[in-house]
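For reference, the structure discussed in these notes is given below.
Because the structure is a prediction, the values reported are computed rather than measured. All chains are named by letter (A, B, ...) in the order of the sequence lines, taking the proteins before the strands, and each is independently numbered beginning at 1. Excluded from the calculations below are hydrogen atoms, water molecules and symmetry mates; all remaining heavy atoms, backbone and side chain alike, are included.
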2 protein chains.
Amino acid sequence: MGGRLTRQRASVLRVLTACQDFVSAQELHVRLVTADIPVGLSTVYRALRDLERAGRVDVVRDEAGERLYRPRPADGHRHYLICRRCGRSRPLDSDVVERWAERVGAESGYSAVEHTVELSGICGRCTGLCA
Amino acid sequence: MGGRLTRQRASVLRVLTACQDFVSAQELHVRLVTADIPVGLSTVYRALRDLERAGRVDVVRDEAGERLYRPRPADGHRHYLICRRCGRSRPLDSDVVERWAERVGAESGYSAVEHTVELSGICGRCTGLCA
DNA sequence: ACTCGTAATGGGATCCATTTTCATATAGCC
DNA sequence: GGCTATATGAAAATGGATCCCATTACGAGT
């Protein structure tokens, strides 16, 4: 499914996983280069696109419209609460929403219904900093 | 709050309302020009930004990341089910999600929690066309 | 281990939605 | 009418993402 296993792709996934949070492609690229892992920016974009297709990463957009990536946890969680200030994210238990989306889809006469759910706020740590 | 009422701003809101569905800024601009209402593209963007700030329009992003605008219904609905093929949208009764988001926000220790919910699918009409 | 076909790489060019700039026009108040 | 802060718009800038294409290198087959 994945294609060839190259040094670059392995590195992208490894560093992305080490981030433990949502990162942009550009940010990830900087981290790779900084860590003396030479990778082209296009390669980072391609690796992330492929990971997304394979369902190995979750993607959100920040307020600027930039795409942010995070490896999908083993338990399959796909929805997050993200701090607008520091970017830290935590997976959400979204069963309620999942079921709601399914029901709406079924009742609507639409097929192949997909859903996007994102929560954002200011996390406790950041709130403290501003108080 | 609104600023000055200019011919251009009035036109943007009028044509947007006539659309009855999500439209991009560029598309809206074309419609205006086609209707012999000369308006600059930047003005359309500015008008939409102001309408968004005033809470008079809802915004979503299509798969390409382009921003799509739609006047917010009087009842304050903000979540939609959108056809990925033809773009037609219908407001959703999202009380369930609203309450869920509120609860998660309260339990999480995050403040100023906001949420985004979007459903997309293929509407009945479009499904028929492809059968 | 060697060869070879094919997929992957990278860096520059390109795309394109959105924003900014700034000189000009105009809404709206006296 | 006159004035001034605000709005306009054409062009240029911005910036994320994608494309191009000559070059590299994975890895299957032998």
Side-chain angles (χ1 to χ4, degrees), chain A residues 1-16 19 22-54 56-70 82 84 87 116 118, chain B residues 1-16 19 21-54 56-70 82 84 87 118:
Chain A
M1 179 143 306
R4 292 178 183 172
L5 179 60
T6 62
R7 174 183 63 77
Q8 290 88 339
R9 293 190 176 196
S11 305
V12 167
L13 185 53
R14 180 160 41 77
V15 173
L16 176 63
C19 285
F22 283 97
V23 223
S24 69
Q26 314 244 11
E27 210 173 314
L28 190 56
H29 179 237
V30 169
R31 294 200 191 197
L32 283 157
V33 171
T34 300
D36 269 314
I37 306 171
V39 183
L41 181 56
S42 338
T43 300
V44 175
Y45 274 109
R46 274 186 295 242
L48 289 171
R49 172 161 38 71
D50 294 349
L51 286 169
E52 183 187 358
R53 282 186 187 151
R56 316 249 334 245
V57 298
D58 289 313
V59 186
V60 301
R61 283 182 189 277
D62 65 14
E63 41 240 287
E66 196 174 17
R67 299 174 58 127
L68 306 179
Y69 303 83
R70 166 181 170 143
I82 304 171
R84 280 194 296 275
T116 302
E118 283 171 38
Chain B
M1 172 147 307
R4 290 179 185 171
L5 179 59
T6 62
R7 173 182 63 78
Q8 290 88 337
R9 292 188 177 195
S11 304
V12 167
L13 185 53
R14 181 160 40 77
V15 174
L16 177 62
C19 284
D21 254 316
F22 283 97
V23 225
S24 69
Q26 313 247 8
E27 210 174 315
L28 190 56
H29 179 237
V30 169
R31 292 199 193 200
L32 283 157
V33 171
T34 301
D36 270 313
I37 306 170
V39 183
L41 181 56
S42 342
T43 300
V44 174
Y45 273 107
R46 276 186 293 240
L48 289 171
R49 174 164 33 73
D50 295 348
L51 286 170
E52 184 186 359
R53 280 185 189 152
R56 316 247 335 245
V57 298
D58 289 315
V59 185
V60 300
R61 282 183 190 276
D62 64 14
E63 42 239 287
E66 197 175 14
R67 300 177 63 144
L68 306 179
Y69 304 82
R70 166 181 170 142
I82 303 171
R84 280 194 296 275
E118 283 172 38

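Considering B:Asp62, B:Val59, B:Leu68, B:Leu16 as possible partners of B:Phe22, the one that fulfils the side chain to side chain contact (heavy atoms under 4.5 Å, CB included) test is B:Leu68. Considering B:Val44, B:Thr43, B:Ile37 in turn, B:Thr43 is the only one that fulfils the side chain to side chain contact (heavy atoms under 4.5 Å, CB included) rule with B:Gln8. The side chain to side chain contact (heavy atoms under 4.5 Å, CB included) test with A:Leu28 singles out one residue from A:Leu41, A:Val33, A:Val15, and that residue is A:Val15.
For B:Arg46, the side-chain atoms get nearest to C:dT20 when compared with the rest of D:dC19, C:dT20, C:dT9. Among the nucleotides D:dG9, C:dA17, D:dA17, the one closest to any side-chain atom of B:Val39 is D:dG9.
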task: Start with the C-alpha distance between A:Arg9 and A:Asp50, add both sets of side-chain angles, then the distance that settles side chain to side chain contact (heavy atoms under 4.5 Å, CB included), and finish with yes or no.
output: CA-CA 10 Å; A:Arg9 293 190 176 196; A:Asp50 294 349; 3.3 Å; yes
Intermediate values then yes/no, side chain to side chain contact (heavy atoms under 4.5 Å, CB included), A:Cys19 and A:Arg31: CA-CA 10 Å; A:Cys19 285; A:Arg31 294 200 191 197; 3.2 Å; yes
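Using a 4.0 Å cut-off, some side-chain N or O of A:Arg9 falls inside it from OP1 or OP2 of C:dT9. Contact check, B:Arg7 against C:dT26: no side-chain N or O comes under 4.0 Å of OP1 or OP2. When the side-chain nitrogen and oxygen atoms of B:Gln8 are compared with OP1 and OP2 of D:dG9, one or more of them lie within a distance under 4.0 Å. Taking side-chain N and O atoms only, B:Thr6 has no distance below 4.0 Å to OP1 or OP2 of D:dA7. Contact between the side-chain N/O atoms of B:Tyr45 and the OP1/OP2 oxygens of C:dT18 is found at a separation under 4.0 Å.
Distance B:Asp50 CG to D:dA7 P: 7 Å, rounded to the nearest Å. A straight line from CG of A:Leu51 to P of C:dA8 spans 13 Å, rounded to a whole angstrom. Rounded to whole Å, the distance from NE2 on A:His29 to P on D:dG16 is 13 Å. With rounding to whole Å, A:Glu52 atom CD is found 11 Å from D:dA17 atom P. Across the protein-nucleic acid pair, B:Leu48 atom CG and D:dA7 atom C1' stand 15 Å apart, rounded to whole Å. Rounded to an integer number of Å, the gap from A:Arg49 CZ to C:dT9 P is 11 Å. In this structure, the CG atom of A:Asp62 is 14 Å from the P atom of D:dG15, given to the nearest Å. One interatomic measurement links the two molecules: CD1 of A:Ile37 to P of C:dT9, which rounds to 14 Å at whole-angstrom precision.
Using a 4.0 Å heavy-atom criterion, one finds that A:Leu41 contacts no nucleic acid atom at all. At a threshold of 4.0 angstrom between heavy atoms, the contacts of A:Ser42 include nucleobase atoms, whether or not backbone atoms are also involved.
No donor-acceptor contact under 3.5 Å links the side chain of A:Arg4 to the base of C:dA8.
Where B:Leu5 and B:Ser24 meet DNA chain C, the nucleotide closest to each residue was compared, and B:Ser24 sits on the side nearer the 5' end.
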